[in-house]
Visitor: 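This is the structure, below, for whatever I ask next.
Quick note: numbers below take in every heavy atom, side chains included, and nothing from hydrogens, waters or symmetry partners.
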Amino acid sequence: MKLPEKTLKKKHTAQRLAALVHHPHAETAVFLAMLLVFTACVGYFAFHLHKALVPDEPGYIYISTLFAQTWKVPSPTEYSLALGFSRFERLPFLYFWINGRVLNLLTWVAPQISDWHQILGLRVVNGLYSILSILFTWLLAREVINKPWWRLLPVFMMTSTLMYAFLSAGVSYDNLANLGAVGGIYFLVRVLKGRPLITNSLLWIFFIAVGTMAKKTILPVALVTFLIWLVYLIWKRKEINFKEKLSARLVLVAIPTLLIIALNLVVYGVNLVRYLEPIPDCRDLMTDAQCSLSVYERRAIDMGFPEEKLTLRDVIQQQKTNPLNYFDEYWINRMLKTVYGIMGHQSYYPTLITAFYRLLYLFLLVIAFKYWQKSDFAFISLIIIALSYIAVIFLQSYNEELMSDFQHVAIQGRYHFPILASFYVMVTEFMSRITAGWLRKLTLAYTVTLFTVGGPVLFLLYFAAAKGLNWFS
């Protein structure tokens, strides 16, 4: 019996779609399309966003110009002290040193280059850091998630996180720090998956060490990943091949790794020996008069911070917010607003959809418990890295509240970005485990819709103008 022509067309269309979905390069093509859209959004932000909107960008540009004046480490100036920096050689300075070389290159190529075009050059480099971070997100998802096409969801979530795209277009050491973190976690996962130990361990160390030399907040990631690596070596010592043939590739990996380790020792190692802490207090390095110039000290005075940090006893006696209530009533909502909105020198918060992000993560928490199953050490390690870092950020946030008497200073979602890729890979893996097909598809559709509405594409095409944000040239 001959099928109707309309039915045949539908059947042929379905067959073509099935062939397309199962094409060996289809996933990669979609990833590249996502990367292209992200690059376009970051490019638009970079070339059209007004100055002094990205967090701390003017100060970071100034510090970069200081590093452009010398191939070594510059001396502090009155303005750099006012920005909260002390002696640069006692701080992680790699980001600014690289920026200095970028500015040197730009002025060598075009001696009459304007200040604005130098800023654009720095913004482009920062955008490249984030594009590489997205690439590592994709590679990390491919290592952890075994189900085809699900591996694209963490990439989509990263590229659709509004504050991440916004920050990627600005001059901020967060971008290099985030790259170091996600790159290091990726190569650690490769170690845990049984890939060549020496090469991948060296690459893990290299990227994490780059991150720690960009920003001190990567130190907790370095510590947790080191402990996981050490546990793995002890646990699997009889199965691991500790020998690796000497090759040009291994040497090319080892040399920069040893250099960046040495740089970390020069900064953090000396600080620990001399000052007994990774980053010494300003007054260990400079005079009282110099340290009092810091914007952070002036802010503490202007806002009336207590002379001594509140204790938990003070919290109870003065009926301040305890840690549990703080987490539920303020911190979670603040994190969601400042991750999926924009917090810079001006702000945009998508208040109407923030509750939907919270609902998604509450649902996925239930899903994680319901569909928990035996997982490999790599995935367990990813959970440990993500959750331990979130815990560190929470404790830091509460500590800031104790120092400021709960005035909500320096509580920002972008501090989670070093582990954001790991977090998205983790929640995607749990989402893919939902056994009920209709619920799995509904959850996926909800997630894609939410991140699309809250992402940078619709923000640039509609919401920025609808909210009257005069941020762009």
Visitor: Is a donor on one side and an acceptor on the other found under 3.5 Å between the side chain of Thr70 and the backbone of Leu66?
Guide: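 Between the backbone of Leu66 and the side chain of Thr70 there is no qualifying donor-acceptor contact (under 3.5 Å).
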Visitor: Can you find a side-chain donor-acceptor pair between Ser375 and Arg433 that sits under 3.5 Å?
Guide: yes
Visitor: Which residues pass the salt bridge (Lys or Arg N to Asp or Glu O under 4.0 Å) test with Arg142, not counting sequence neighbours?
Guide: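 With sequence neighbours excluded, Arg142 shows a salt bridge (Lys or Arg N to Asp or Glu O under 4.0 Å) to no residue whatsoever.
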Visitor: Verify, without hydrogens or angle tests, whether Thr338 (side chain) and Gly413 (backbone) share a donor-acceptor contact under 3.5 angstrom.
Guide: yes
Visitor: Give a yes or no on whether the backbone of Ala68 and the side-chain of Asn104 come within a donor-acceptor separation of less than 3.5 Å.
Guide: yes
Visitor: Would Lys320 and Asp405 pass as an ion pair if we require N to O under 4.0 Å?
Guide: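 Yes, charged N to carboxylate O under 4.0 Å.
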Visitor: Scan residues 201-219 for pairs that pass salt bridge (charged side-chain N to carboxylate O under 4.0 Å, His left out), counting only residues two or more places apart or in two chains.
Guide: Asp174-Lys215
Visitor: Assert yes or no for the condition that the ring centre distance of Phe417 to Tyr164 is strictly below 6.0 Å.
Guide: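 Yes, close enough.
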Visitor: Between His416 and Phe423 (judged by ring centroids, cut-off 6.0 Å), do the two rings come close enough to count as a pair?
Guide: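 Not close enough - the centres of the two rings lie 6.0 Å or further apart.
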Visitor: Can you confirm whether Tyr349 sits close enough to Thr354 that some side-chain heavy atom of one is under 4.5 Å from a side-chain heavy atom of the other?
Guide: no
Visitor: Take a 6.0 Å sphere around NZ of Lys147 and say whether it holds more than 12 heavy atoms from other residues, nucleotides or ligands.
Guide: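 Count over threshold, so yes.
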Visitor: Below 4.0 angstrom, N of the basic side chain to O of the carboxylate: do Arg283 and Glu297 qualify?
Guide: yes
Visitor: Is the number of heavy atoms from other residues, nucleotides or ligands under 6.0 Å of Trp438 CH2 greater than 12?
Guide: no
Visitor: Compute the ring centroids of Phe85 and Phe96, then answer whether they are less than 6.0 Å apart.
Guide: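 Yes; Phe96 has its ring centre under 6.0 Å from that of Phe85.
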Visitor: Is it true that a side-chain atom of Asn200 and a backbone atom of Pro196 form a donor plus acceptor pair closer than 3.5 Å?
Guide: yes
Visitor: Under 3.5 Å, side-chain donor or acceptor atoms of residues 255-274 against the rest of the protein: list the pairs with distances, not counting sequence neighbours.
Guide:
residue, atom, partner, partner atom, Å
Thr257, OG1, Leu202, O, 3.3
Thr257, OG1, Val253, O, 2.7
Asn264, OD1, Thr212, OG1, 2.6
Asn264, ND2, Ala209, O, 3.2
Asn264, ND2, Ile260, O, 2.8
Tyr268, OH, Thr212, O, 2.6
Asn271, OD1, Arg90, NE, 2.5
Asn271, ND2, Arg90, O, 3.1
Asn271, ND2, Val267, O, 3.2
Asn271, ND2, Pro278, O, 2.6

Visitor: Where the side chain of Tyr446 meets the backbone of Phe356, is there a donor-acceptor pair that is under 3.5 Å apart?
Guide: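 Flag set: sc Tyr446 to bb Phe356 pair under 3.5 Å.
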Visitor: Measure from the side-chain N and O atoms of Ser294 to the backbone N and O of Cys291, and report whether any donor-acceptor pair falls under 3.5 Å.
Guide: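 No: the side chain of Ser294 does not pair with the backbone of Cys291.
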Visitor: Does the gap between the ring centers of Tyr186 and Phe207 come in under 6.0 Å?
Guide: no
Visitor: What do you reckon, is CZ of Phe242 surrounded by more than 12 foreign heavy atoms closer than 6.0 Å?
Guide: yes
Visitor: Centroid separation under 6.0 Å, is that true for the rings of Phe451 and Tyr340?
Guide: yes
Visitor: On the ring face of Trp97, is Arg101 found with NZ or CZ under 6.0 Å from the centre and within 45° of the axis?
Guide: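 The answer is yes; both the distance and angle limits are met.
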Visitor: Does anything in residues 123-138 form a side chain to side chain donor-acceptor pair (under 3.5 Å)? List the pairs, not counting sequence neighbours.
Guide: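 For residues 123-138, and leaving out neighbouring residues, the side chain to side chain donor-acceptor pair (under 3.5 Å) pairs sorted by first residue read Glu57-Arg123, Tyr95-Asn126, Asn126-Asn175, Ser130-Ser168, Ser130-Asn175.
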Visitor: Would you confirm whether the ring centroid of Trp235 sits within less than 6.0 angstrom of the ring centroid of Phe377?
Guide: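 Ring centroids of Phe377 and Trp235 are less than 6.0 Å from each other.
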Visitor: Indicate, with yes or no, if the rings of Phe93 and Phe88 have centres closer together than 6.0 Å.
Guide: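 Not close enough - the centres of the two rings lie 6.0 Å or further apart.
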Visitor: Give every residue pair that meets the salt bridge (charged side-chain N to carboxylate O under 4.0 Å, His left out) criterion with at least one member in residues 364-379, sequence neighbours excluded.
Guide: Lys193-Asp376
Visitor: Show the atom names and distances, to 0.1 Å, of all donor-acceptor pairs under 3.5 Å that link a side chain in residues 30-40 to residues at least two apart or in another chain.
Guide:
residue, atom, partner, partner atom, Å
Thr39, OG1, Leu35, O, 2.7

